[in-house]
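A quick write-up on the structure given underneath.
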Amino acid sequence: MPGIGVRYDLTTREHRRLSVVAHREGGRTLSTYRQDDPDECALSVRLTAKEAEALIGALMPSHHSPALLSTTELGLVAERVELSSVSYWNGRVLGETRMRTETGASIVAVLRRADAIPSPAPDFRLAGGDTLIVIGTREGVEAAAAILGRE
């Protein structure tokens with residue numbers, strides 16, 4: 001589209017037509033088309049560059065992992081971290097990890113077999129197979145997972 005930008009078209013597996021116009025200044029226009037008349041626009045949304053970036057982040061989060069439970073606009077994530085049976089921390093107490101001091105992340109719950117232990121105290125004894133629910137910044141949670149993965 002000379003002078004405007006580049007248009008990308010997509011047909012979904014449900015045979016819905018979408019298009020995105022990437023404007024030269026960074027904005028985007030997202031459009032959907034009617035199923036009964038694929039040449040007629042049903043909805044068109046103009047996004048600023050920042051809004052488009054937020055939408056891309058929601059559609060394809062760079063931090064996506066199967067262990068990810070949630071993320072917030074505040075930059076906090078909650079993630080599951082499984083403690084291996086050969087982990088250095090197997091049989092040790094939670095306080096020894098110095099998790100909050102070292103990473104800024106907190107272990108807010110432990111899932112053990114069919115039980116959930118909310119707010120485990122520093123004297124809580126970890127066991128291989130535990131799933132720890134860790135909350136913090138992306139960097140803090142990744143650092144916590146690295147510490148907990150120590151063998």
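- Using a 4.5 Å heavy-atom cutoff, the side chains of Leu148 and Met99 are in contact.
- How far CG of Leu111 is from CD1 of Ile133: 4.5 Å, rounded to the nearest 0.5 Å.
- By the criterion of side-chain heavy atoms lying less than 4.5 angstrom apart, applied directly or through intervening Ile, Leu, Val, Met, Phe, Trp or Tyr residues, Val20 is grouped together with Val45 in one hydrophobic cluster.
- The OH atom of Tyr88 sits 10.5 Å away from atom OG1 of Thr97, with the distance rounded to the nearest 0.5 Å.
- Remark: side-chain polar atoms of Ser87 are paired, donor with acceptor, to backbone N or O of Trp89 under 3.5 angstrom.
- A side-chain donor-acceptor contact under 3.5 Å links Arg125 to the backbone of Gly91.
- Applying the salt bridge (charged side-chain N to carboxylate O under 4.0 Å, His left out) definition to pairs two or more places apart or across chains, those involving residues 82-93 are Arg92-Glu96.
- Atom CZ of Arg46 has more than 12 heavy atoms from other residues, nucleotides or ligands within 6.0 Å.
- Taken from CG in Asp9 to OH in Tyr33, the straight-line distance is 6.5 Å, to the nearest 0.5 Å.
- Here the OG1-CG distance, from Thr137 to Leu76, works out to 7.5 Å after rounding to the nearest 0.5 Å.
- Side-chain contact between Arg28 and Val21 is absent, with no heavy atoms from C-beta onward closer than 4.5 Å.
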**Request:** Could you check Ile117 against Asp130 for side chain to side chain contact (heavy atoms under 4.5 Å, CB included), going step by step and ending with a plain yes or no?
**Result:** CA-CA 10 Å; Ile117 299 99; Asp130 284 352; over 6 Å; no
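- Looking at Pro122 and Val93, their side chains never come closer than 4.5 Å, going by heavy atoms from C-beta outward.
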**Message:** Would Val110 and Leu83 count as a side chain to side chain contact (heavy atoms under 4.5 Å, CB included) here? Give the steps.
**Reply:** CA-CA 10 Å; Val110 175; Leu83 196 69; over 6 Å; no
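- Closest of all the heavy-atom pairs between Gln35 and Pro38 is O-CD, 4.1 Å.
- A pairwise comparison of heavy atoms in Ala105 and Val134 identifies CB-CG1, 3.8 Å as the closest pair.
- Pairing each heavy atom of Ser44 with each of Cys41, the nearest pair is CB-SG, 4.0 Å.
- Note: Tyr8 OH to Leu18 CG = 15.0 Å, rounded to the nearest 0.5 Å.
- Atom CZ of Arg112 is surrounded by more than 12 heavy atoms from other residues, nucleotides or ligands within 6.0 Å.
- How far NE2 of His23 is from CZ of Arg7: 11.0 Å, rounded to the nearest 0.5 Å.
- Annotation: side-chain contact (heavy atoms from CB on, under 4.5 Å) contacts of Thr11 (sequence neighbours excluded): Arg17.
- Taking Glu51 as the reference, Leu47, Thr48 meet the side-chain contact (heavy atoms from CB on, under 4.5 Å) condition, with sequence neighbours excluded.
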